[in-house]
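See below for the structure under consideration.
This one's a predicted model, so the numbers in the text were calculated from it and none came from an experiment. Values reported hereafter were calculated over all heavy atoms of this structure, with side chains retained and with hydrogens, waters and symmetry mates removed.
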Amino acid sequence: EDIGKLPDQNVAETLSRIPGVQVTRVEGEGKSFTVRGLGLNKLLLNGKSFIGSGRNGDPNLADVSPELLAGVDVIKTRSAGLVEGWLGAVVNLRTKRPLDFDEAVVSGRMQGSYSDNAEEWGEKFSAFYAQPFADGKFGILFSGSYSNSTGSSDIYQSGGWSQISDVDVTGDGVGDTFFRPLRLMTWSNTYDDERYSLNASMQWRPIEDLTFTLEGLTSHRDTDRIRSAQQTILTNNIS
């Protein structure tokens with residue numbers, strides 16, 4: 001019941017509220033998840049496998065808005081009725097459907113954010129409409145979301161450490177043993193992220209125990225990223 005009410009940016013952050021699920025964050029946003037420390041999990045959409053925008057065709061949870069979801073099932077125990085190919089859990093994303101509602105529902109949401117490091121504003125909009133007809137025998141549903149954000153981050157690294165011996169660091173004429181960084185590195189990342197998701201569904205229930213469902217979900221994401229790197233390589237020459 002809390003999905004869509006909390007300020008989650010994507011489905012990965014929604015999953016983090018379920019016991020046993022851990023989320024990996026990149027630049028403050030949830031990207032991927034593990035279940036009980038295991039990364040090999042099966043992701044389904046309404047009980048069916050689907051292909052996403054990941055490099056290997058896996059779904060990218062950052063592409064899906066939590067406003068499109070009616071619920072999330074995290075199944076950690078195996079049974080004969082579940083698909084294979086997972087160790088941690090089967091995660092089923094259930095989208096909203098029109099016959100889940102007893103009357104017409106219209107909702108909207110606007111959200112703003114400010115990135116002080118990038119000095120840019122971001123926005124997010126979502127809308128939802130569901131309408132049952134004929135005493136709950138037929139229904140239609142449309143929902144969508146749009147977001148645009150800009151951010152930046154800075155990273156400083158040493159590149160590891162090296163043990164140095166017999167180098168006079170203190171100037172007393174005696175060789176010293178110490179550790180020094182291999183290099184000094186800085187990374188500056190700026191990105192612009194734009195995404196949208198659309199969901200449509202129609203249902204027909206001629207009798208109580210028979211329901212026909214036609215639905216579709218599409219999500220799109222564009223990310224422009226610029227990375228600048230500088231480094232200074234250190235040696236054992238000390239002055």
Side-chain angles (χ1 to χ4, degrees), residues 1-18 21-34 43 45 50-55 57-72 91 93-96 104-130 141-157 184-201 215-231:
E1 295 179 352
D2 292 331
I3 292 179
K5 298 178 183 178
L6 300 169
D8 298 329
Q9 296 299 312
N10 53 56
V11 174
E13 297 185 5
T14 301
L15 287 173
S16 68
R17 306 182 185 278
I18 299 176
V21 179
Q22 300 82 37
V23 171
T24 300
R25 294 180 180 271
V26 178
E27 295 171 339
E29 182 177 301
K31 293 294 184 180
S32 59
F33 71 97
T34 59
L43 190 65
L45 179 66
F50 69 107
I51 298 175
S53 61
R55 294 182 179 180
D58 289 341
N60 191 335
L61 292 177
D63 294 346
V64 182
S65 173
E67 283 86 356
L68 302 180
L69 299 181
V72 178
V91 179
L93 309 179
R94 291 184 284 109
T95 59
K96 296 182 175 72
V105 176
V106 179
S107 67
R109 179 180 179 183
M110 294 185 296
Q111 181 178 334
S113 62
Y114 179 74
S115 175
D116 54 358
N117 202 28
E119 298 182 348
E120 294 284 348
W121 283 93
E123 65 277 345
K124 184 176 183 179
F125 308 95
S126 63
F128 172 81
Y129 169 72
L141 180 149
F142 301 97
S143 64
S145 66
Y146 170 84
S147 66
N148 187 21
S149 61
T150 302
S152 66
S153 63
D154 299 306
I155 303 174
Y156 302 90
Q157 293 179 328
L184 302 178
M185 297 186 294
T186 64
W187 304 79
S188 299
N189 301 309
T190 60
Y191 62 90
D192 184 77
D193 189 276
E194 184 181 32
R195 73 188 74 175
Y196 69 82
S197 298
L198 300 173
N199 180 37
S201 177
E215 59 187 351
L217 170 67
T218 181
S219 63
H220 182 82
R221 183 182 187 188
D222 284 326
T223 302
D224 295 325
R225 183 179 298 273
I226 299 176
R227 169 175 288 183
S228 302
Q230 304 83 29
Q231 69 173 351

With side-chain contact (heavy atoms from CB on, under 4.5 Å) as the test, would you mind laying out the steps for Ser219 and Leu217 before giving the verdict? CA-CA 7 Å; Ser219 63; Leu217 170 67; 5.6 Å; no
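- Going from atom OH of Tyr196 over to atom OG of Ser145 covers 11.0 Å, rounded to the nearest 0.5 Å.
- Smallest separation of non-hydrogen atoms from Ser115 and Thr150: CB-O, 3.3 Å.
- Here Lys96 contributes atom NZ and Leu69 contributes atom CG; the two are 6.5 Å apart, rounded to the nearest 0.5 Å.
- When all heavy atoms are compared, the tightest approach of Trp121 to Ser113 is CE3-O, 3.2 Å.
- For the side chain to side chain contact (heavy atoms under 4.5 Å, CB included) with Ser147, the lone residue among Glu123, Arg195, Glu194 that qualifies is Arg195.
- Phe33 CZ to Thr24 OG1: the interatomic distance, rounded to the nearest 0.5 Å, is 10.5 Å.
- You'll find the side chain of Thr190 stays beyond 4.5 Å of the side chain of Asp224, heavy atoms only.
- Looking only at atom types and distance, the side chain of Thr186 has a donor-acceptor partner in the side chain of Gln230 under 3.5 Å away.
- Put simply, the side chain of His220 does not reach to within 4.5 Å of the side chain of Thr218, judged on heavy atoms.
- Separation of atoms OH (Tyr146) and CG (Leu198) is listed at 12.5 Å; rounding is to 0.5 Å.
- Residue Asn199 comes nearest to Gly216 through the heavy atom pair OD1-O, 2.9 Å, listed as atom of the first residue, atom of the second, then distance.
- With rounding to the nearest 0.5 angstrom, the OG atom of Ser152 is 11.0 Å from the CZ atom of Arg225.
- Residues Ser149 and Asp193 have side chains that never bring a donor and an acceptor to within less than 3.5 angstrom of each other.
- For the atom pair CD (Gln157) and CE (Met185), the distance works out to 4.5 Å, reported to the nearest 0.5 Å.
- Contact check for Tyr114 versus Glu120: no side-chain heavy atoms found under the 4.5 Å cut-off.
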